[in-house]
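For the numbers below, each heavy atom of this structure counts, side chains included, while hydrogens, waters and symmetry mates do not. All figures in this text were calculated on a predicted structure; none of them were measured in a lab.
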Amino acid sequence: MIDAGISFHVSEKGYYGDFGGAFIPEMLYPNVEELRLHYLEYMMETSFQKEFHFLLKDFVGRPTPLFKAERLSAKYNTQIYLKREDLCHTGAHKVNNTIGQILMAKRLGKHKIVAETGAGQHGVATATVCALMGMECIIYMGAIDIERQAPNVARMKMLGASVVAAQSGSKTLKDATNEAMRHWINHPVDTHYIIGSVVGPHPYPDMVAKFQSVISEEIKWQLQEKEGRDYPDYILACVGGGSNAAGAFYHYLDEPRTALIAAEAAGQGVSSGHSAATTFLGKPGVLHGSKSLLMQTEDGQVIEPYSISAGLDYPGIGPLHAHLATSGRAKFFDITDDEALEAALECSMLEGIIPALETAHALAVFGKLGAKPDEVSVVNLSGRGDKDLATYQEKLKLNS
Amino acid sequence: MNRISTLFNSTQEPILNVYATAGYPNFGDTMLVLNALQEGGVDIIEIGMPYSDPVADGETIQQSNQVSLDQGMTVTHLFDQLINMRQSISVPVLLMGYINPVLQFGVERFCQKCQEVGVDGLILPDLPLAEYQQSYQTIFEQYGLLNIFLITPQTSDERIKQIDSVSEGFIYMVSSASTTGAKTGISSDQEAYFKRIDGMKLKNPRLVGFGISDRESFLKASNGASGAIIGSAFVKLLGNAKNLREEIVGFVKSIKGLK
Ligand SMILES: Cc1ncc(COP(=O)(O)O)c(C=O)c1O
């Protein structure tokens, strides 16, 4: 299943197989190059590691539990564990990365932060660490997302961040990312860009994956305690840009006994013209600084994606995931809006956990996976569903 | 020698390079705009290939890109529009755009087409030096295309020297840390930066871009370089023009100080 010759770790030049690199305008070169030269060194420093782990523990609330979902397990006649990233402070895995990156920003001598956000989870997680560290924070968010994720907009503002609406293109995550990059181009000296997923120019995908890898680091010892072995048969995660998946997969990338399962947002269906399922619809291309799979026209124009879930509404995926998909190391499932909504309701009713809409895409895979009764699956429960309540109310007719 | 180096070798006057988005304001306007620019006395023409996600560009050029795309512009259509370009256009012509549409068209096929229609060089801001050297340089050179690199006030001396050694034609000196059209005018800090680069005695001449909008800023920029590039200010004119040809000719003449 794993070809011995294939590496799933980033190369010296910033590539995962054919994907990755740093396709950035010269204006961003000094910042990205400075980061590239120093990120590993800074991350490895004892003082960095100490501060990072202290904050993950006492501020974020890690380790997050690995919870055996008995009723879901019974329903699908297999063994299902939930990795409870929804219990992280701010309600999603995103904060693992923002804690790491704010410490990185400090070491780089930057005192202002810019970030993009889709669902608003990364924006909230960024605004949170900026408040914690007393740094100025500007968040770009698509105008459409500002509407559909109103609670998170309010949270960011309460945390002291400026939220700027991205009005170009599809007015969602892709355009928020464009605007954040433009902001960084205009403020290169004092500002660090905290990218919210394993996307962007090298070294961002590797750096973000490393910060998120705490997820699978914990799964290993937690599973050992509960199952007497440190690997599952399946590990499942949703993929927008792919940061929660990268974190959950990280320590299993080279573990042949663990199948990596990724859920992408099919929107109204892969062939409907309203989808965000990049591995099904994309071709190799360059967006936001790296070569990856990309939904695009024949002419190389980026297609505006669609998903009910703002955090998955993105026309690309991180270069690691493009490599995992094309090499066959990970299996990708396309999950529609309706399938995700149903899975969200099911998880709520069976386990007492209301998941984020993004996460619900991963949960929906159980209907298609065919896991055997004694096989063990871990789903990365990337976030909680509070921010999606308005959508749930409307789509699940909770008002009637 | 290519048209660009010939131009730089043959004139002492400040060189004016004007950027125009292809297929803008109307799909069929590309050649009209090129001819009017040349009639007005432009020295180099930079044709923007529209892209859905132009991260190095500010609002004006973004919007012109989107309008052009909405009107159906593609790389293929652009080459069709330029097929007889060299029957009327004698000034150097550059294509400016982003790497993804070039990748989808096919890099070699793209370069071949450029050579066929008489394009002299390319400006692809999201194609960095290292990637260029590794995967593109050989093909570009095979089709006689110059690749124009950008430098900014933050670019280190060491990297400027590296870029200079790989460059041919000219170096695009971005006047300040910004996207296109974000700032106008040239400050004394910027003039000092132009002078600093001038003092490095590079083998390539420089043109200053970003923030140049009128004769005054053009002359200021040209003081520390061989000339300057006008983008957003011209695209604005295109968007508002009532008599396209006349206004373009008038604009170029006003910048060049011609009657
Ligand atoms: C809860 C949750 N899960 C998943 C995602 C998707 O991002 P990624 O694929 O980087 O994990 C988001 C993004 O906003 C999110 O909020």
Region of B/Met73 in contact with chain A, defined by heavy-atom distances below 4.5 Å: backbone

For chain B, the option from A/Pro201, A/Gly285, A/Gly289 that forms the most heavy-atom pairs under 4.5 Å: A/Gly285

If contact means a heavy atom pair closer than 4.5 Å, which residues of residues 106-115 of chain B contact chain A? none

For atom CD of B/Glu158, decide whether the heavy atoms of other residues, nucleotides or ligands shown that lie under 6.0 angstrom number more than 12. no

Please state whether the side chain, the backbone, both or neither of B/Leu103 comes within less than 4.5 Å of a heavy atom of chain A. side chain

Can you say whether A/Met27 sits under 4.5 Å from chain B via the side chain, the backbone, both, or neither, judging by heavy atoms? both

Can you tell me which portion of B/Glu59 sits under 4.5 Å from chain A's heavy atoms? Options are side chain, backbone, both or neither. neither

Would you say NZ of A/Lys283 has more than 12 non-hydrogen atoms from neighbouring residues, nucleotides or ligands within 6.0 angstrom? yes

Heavy-atom distance under 4.5 Å to chain B: side chain of A/Ile303, backbone, both or neither? neither

Under 6.0 Å from the CD atom of A/Glu147, do we count more than 12 heavy atoms belonging to anything else shown? no

Within the supplied structure, the quantity of interest is the number of heavy atoms (other residues, nucleotides, ligands) at a distance under 6.0 Å from B/Gln133 CD; does it exceed 12? yes

Report which part of B/Ala177 has an atom under 4.5 Å of a heavy atom belonging to chain A: side chain, backbone, both, or neither. both

For A/Pro30 and B/Gln154, work out which heavy atoms get closest and say how close. CG-O, 3.6 Å

Salt bridge or not between A/Glu33 and B/Arg159? Use side-chain N to carboxylate O under 4.0 Å. no

Quick one about A/Asp299 and B/Thr76 (side-chain donor to acceptor, distance below 3.5 Å, no hydrogens or angles considered), yes or no? no

Backbone N or O of B/Pro50 within a donor-acceptor pair of the A/Gln301 side chain at under 3.5 Å? yes

Report, by ascending residue number, the residues of residues 188-212 of chain B in heavy-atom contact with chain A at a distance under 4.5 Å; give 'none' if the set is empty. B/Phe210

Honestly, the part of A/Glu179 sitting under 4.5 Å from a heavy atom of chain B is side chain

Which answer fits A/Ile24, side chain, backbone, both or neither, if we ask what part of it has an atom under 4.5 Å from a heavy atom of chain B? backbone

With a 4.5 Å cut-off on heavy-atom pairs, point out which of B/Thr152, B/Asn100, B/Leu129, B/Val102 contacts chain A the most. B/Asn100

Of the backbone (N, CA, C, O) and the side chain (C-beta and beyond), which part of B/Pro153 lies under 4.5 Å from a heavy atom of chain A, both, or neither? neither

Mind ranking B/Val75, B/Leu124, B/Val174 by heavy-atom pairs under 4.5 Å with chain A and telling me who comes out on top? B/Val75

For the residue pair A/Gln296 / B/Gln104, report whether a side-chain donor-acceptor contact shorter than 3.5 Å exists. yes

Which atom names give the shortest non-hydrogen contact between B/Gln62 and A/Ser168, and what distance separates them? OE1-CB, 3.9 Å

Give the minimum heavy-atom separation between B/Val55 and A/Arg182, together with the two atoms involved. O-CG, 3.0 Å

Could you report the tightest heavy-atom contact between B/Tyr51 and A/Gly300, atom names first, then the distance? CE1-O, 3.3 Å

Kindly compute the distance separating CG (B/Asp53) from CE (A/Met181), expressed to the nearest 0.5 Å. 10.5 Å

Minimal non-hydrogen separation, A/Glu26 against B/Ile151, with atom names: CG-CA, 4.2 Å

Heavy-atom closest pair (B/Leu127 atom, A/Phe23 atom, distance to 0.1 Å) is CD1-CE2, 4.4 Å

Region of A/Pro284 in contact with chain B, defined by heavy-atom distances below 4.5 Å: backbone

Between B/Ala182, B/Ser178, B/Pro125, the one whose heavy-atom pairs under 4.5 Å with chain A are most numerous: B/Ser178

Less than 4.5 Å to any heavy atom of chain B: does that hold for the side chain of A/Tyr29, its backbone, both, or neither? side chain

